[in-house]
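In the text below, chain A, chain B and the rest are named by the order of the sequence lines, each starting its count at 1.
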Amino acid sequence: MGNVVRVLYFGAAQELTGKSSEKLNAGDTGSLCRVMLEKYPSMRTLSFRIALNRNLLREESVLMENDEIAILPPLQGG
Amino acid sequence: MGNVVRVLYFGAAQELTGKSSEKLNAGDTGSLCRVMLEKYPSMRTLSFRIALNRNLLREESVLMENDEIAILPPLQGG
Amino acid sequence: MKNRYLVGGPITPLLISELWTLGNDDAGAGAVSIFIGKVRDDEVNGRRVTAIEYSAYNEMADKEAEEIVKTVQAAFSDVRKVIIVHSTGIVRAGEASLLIMVTAGHRDHSTRACRHTLEMVKEQLPVWKKEIY
Amino acid sequence: MKNRYLVGGPITPLLISELWTLGNDDAGAGAVSIFIGKVRDDEVNGRRVTAIEYSAYNEMADKEAEEIVKTVQAAFSDVRKVIIVHSTGIVRAGEASLLIMVTAGHRDHSTRACRHTLEMVKEQLPVWKKEIY
């Protein structure tokens, strides 16, 4: 049982998944990661952080319908 | 007995002496200072350093004919 | 600008001039510290970088930049303005991709706050790069 | 320029552009740190500063600036260019009287070397000022 959330991929995550966004189904960030890593095994090699509705997550979080999740590989601005 | 040196006044030293340069007679920087402070008593209130031929002096020095002495009040660049 | 902190393509000398004018209308600011980040023509495994393509999480970048500005202004009481602009898209070697400008009453806070802003941009601004050879 | 480090009057936006171009012809420099000192319209004993008149010991200023550049380049191995320009004569409130530009491979040395140059300029450059109200 989960909710449909919008997942945005940035940087290397975009290259590894071959897409910039998609809808996935998950009840919390932990299960979302499992779904994602199963779908894209090469993502296991990537270290990334997660933003929920544009806020960086520091711990696991439940997910609501239509939440915006972003997969953030190490930042490279500057 | 001294040598004729050219003395340049900068910043507040210019205002206190009323001139930007002059020739004075002295054998070393110590006697030059005495000559100068006697001539311009108001200079006693000014803290200043001395450059000899464009090099900042860190100790007393003898003076040669035609040396260029500069009286440098606290620097204010920037 | 729609997005105050991101600009498409390089930060051109013209834009730098405009930002200088923007930061410079304040006769109480005695100190302006600027950092400009440029794309280096590094050699990586025998190949020369000719450009970098930057991508950003635009909406979050705006929010993070806003937060950086607020944090810096709160941390440095003498700071007056903090300007941050980062490129997205292609920026060629030798061109600028980041500008930070901090104005303050005096030099101590402008220089320290500029460096602090720079470190926060590196840590917090959601921007990624891809070298082009 | 006859004197490479001193300029008569304010450091204008045009001169800043020219110096930027001068410092910017190096695709190996990933970091440019700039400090610009400006005349503040301070109130001193109820009177507002409208300008500052700078005077310098020109010949010694040249020599000291040269020494500062050499010292900074020796102290920071990643530094590529160090540019120092100081005004002489009248600079009005809001106008710039000092520009320091340091380019380096990376940000750490450009920012630290820029600040170091600034402190050395304050300590060593034989320049004096007179407030005009």
TODO: Flag yes if more than 12 heavy atoms outside C/Arg48 fall under 6.0 Å of its CZ atom; otherwise flag no.
DONE: yes
Open item on the list: Quick check: do C/Lys130 and A/Glu15 have side-chain heavy atoms less than 4.5 Å from each other?
Closed with: yes
Open item on the list: Testing the basics here: between C/Leu125 and A/Leu75, what is the closest heavy-atom pair and its distance to 0.1 Å?
Closed with: O-CD1, 3.5 Å
Task: Contact winner vs chain A - C/Ile52, C/Ile36, C/Leu98, heavy-atom pairs under 4.5 Å - done: C/Leu98
Open item on the list: Please determine whether the number of non-hydrogen atoms from other residues, nucleotides or ligands lying under 6.0 Å from atom CZ of C/Arg92 exceeds 12.
Closed with: no
Task: Interface residue of largest heavy-atom contact number with chain A, from C/Gln124, C/Glu64, C/Lys63, under 4.5 Å - done: C/Lys63
TODO: Indicate yes or no for a side-chain donor-acceptor contact from C/Trp128 to the backbone of A/Ala12 under 3.5 Å, with no hydrogens or angles considered.
DONE: no
Task: Heavy-atom closest pair, residues C/Ser55 and A/Gly11 - done: OG-N, 4.5 Å
- [ ] Can you tell which part of C/Ala56 gets under 4.5 Å to a heavy atom of chain A, answering side chain, backbone, both or neither?
- [x] backbone
Task: Which atoms of A/Leu72 approach chain C - backbone, side chain, both or neither, heavy atom under 4.5 Å - done: both
- [ ] Using modelled atom types only, decide if a donor and an acceptor are shared between the side chain of C/Tyr54 and the backbone of A/Gly78 within a distance under 3.5 Å.
- [x] yes
Task: Under 4.5 Å from any heavy atom of chain C - which part of A/Pro73 - done: both
Task: Closest contact, heavy atoms only, C/Met60 versus A/Ala51 - done: SD-CB, 3.8 Å
